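I have placed the structure first, in the form of structure tokens, so that the comments after it can refer back to it.
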Amino acid sequence: MNAQDSTSTRPYLIRAIYEWCTDNGFTPYLAVRVDKTVQVPREYVNDGEIVLNVSYDATSGLQMGNEFIEFKARFGGKPREIMVPVERVLAIYARESGQGMSFPVVDGAVLDTEGDAESVVDAVEDGVEADASDRVVQLVPTDTAAAPLAAVPRAEDDDGDKPRPPSGGGRPSLKLVK
């Protein structure tokens, strides 16, 4: 068996970082690239991505398999079934420290979520193509007001300009409702 015939290391690394987060009392977050194969509440998708709190307190029935990550969670007080193909995971990291691991972007559909949920589904069905060379996923340390994950445009010219820092818009997150 050679390296090309072996299974992906991505699900094993995701489970390892998840375990590290929980062992150290951190809140594990998953950043996910959303397309038609990802089952998440579309109203919380921003720029074709969603960040999910996958801590024990925020989820029910969490199963991290080699092909899918599945669990139940509440969004706006409503219980939802979440299913994420492992290849759509962009990163897993600790909310408190930003430490974790990012993964290569898988080519696929990018959603424009400025409109309603129907337009999101239409965009996926129309096959909007992603240009992975235009974006870089960057993990940054966070405070409570800053976004924990940002897509920063890649600099095309070499005139010394540095990538712009992420804007200060907060990402949606799961909260424990008792």
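Note that the coordinates shown come from a computational prediction; the quantities given were computed from them, not determined experimentally.
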| Could you state the interatomic distance from CZ (Phe103) to CE (Met101), rounded to the nearest 0.5 Å? | 5.5 Å

| Considering all heavy atoms of both residues, which atom of Thr22 and which atom of Pro28 are nearest to each other, and what is their separation? | CG2-CG, 4.3 Å

| request: Identify, with sequence neighbours excluded, every residue that meets side chain to side chain donor-acceptor pair (under 3.5 Å) alongside Tyr56. | output: none

| For the student: nearest non-hydrogen atoms of Gly100 and Ile17, plus distance | CA-CG2, 4.2 Å

| message | What's the separation between atom OH in Tyr12 and atom CG in Asn66, rounded to the nearest 0.5 Å? | response | 4.0 Å

| field | Shortest non-hydrogen contact between Leu52 and Phe71, atoms and distance | value | CD1-CZ, 4.1 Å

| task | Output the distance between atom OG1 (Thr7) and atom CD (Glu67), rounded to the nearest 0.5 Å. | result | 9.0 Å

| Do side-chain atoms of Glu70 reach the backbone of Met64 as a donor and acceptor pair under 3.5 angstrom? | no

| query | Roughly how far, to the nearest 0.5 Å, is CD1 of Ile92 from OG of Ser102? | reply | 12.0 Å

| Salt bridge check: are Glu43 and Arg80 linked by an N-O gap of less than 4.0 Å? | yes

| query | Do Pro85 and Gln39 have side-chain heavy atoms sitting under 4.5 Å apart? | reply | no

| Should Ile69 and Ile14 count as side-chain neighbours, where that means a heavy-atom distance under 4.5 Å? | yes

| query | Pro79 and Arg74: which non-hydrogen atoms are nearest, and at how many Å? | reply | CD-NH1, 3.6 Å

| field | Phe68 reachable from Leu13 in the ILVMFWY side-chain graph, under 4.5 Å edges | value | no

| request: Not counting sequence neighbours, list each pair that qualifies as a salt bridge (charged side-chain N to carboxylate O under 4.0 Å, His left out) and has a residue in residues 13-30. | output: none

| query | Can you tell me if Arg88 uses its side chain to pair, donor with acceptor, with the backbone of Arg33 under 3.5 Å? | reply | yes

| Min side-chain heavy-atom separation Val84-Val89 under 4.5 Å | yes

| said: If you define the side chain from C-beta out and look only at heavy atoms, does anything of Tyr44 sit under 4.5 Å from Arg42? | reply: no

| said: To check you understand the geometry: which heavy-atom pair defines the closest contact between Thr27 and Ser55, and what is its length? | reply: CG2-CB, 4.1 Å

| said: Quick check for you: to the nearest 0.5 Å, what is the distance between Leu62 atom CG and Ile82 atom CD1? | reply: 11.5 Å

| field | Interatomic distance, Ile50 atom CD1 to Leu90 atom CG [nearest 0.5 angstrom] | value | 12.0 Å

| How about Val54 and Tyr29: do any of their side-chain heavy atoms sit closer than 4.5 Å? | no

| Apart from Trp20 itself, residues in the same hydrophobic cluster as defined by side-chain heavy atoms under 4.5 Å | Phe26

| request: Say whether, by atom type as modelled, one donor and one acceptor occur between the side chain of Asp35 and the main chain of Thr37 under 3.5 angstrom. | output: yes

| query | Of all heavy-atom pairs between Tyr93 and Gly98, which one has the smallest distance, and what is that distance? | reply | CB-O, 3.9 Å

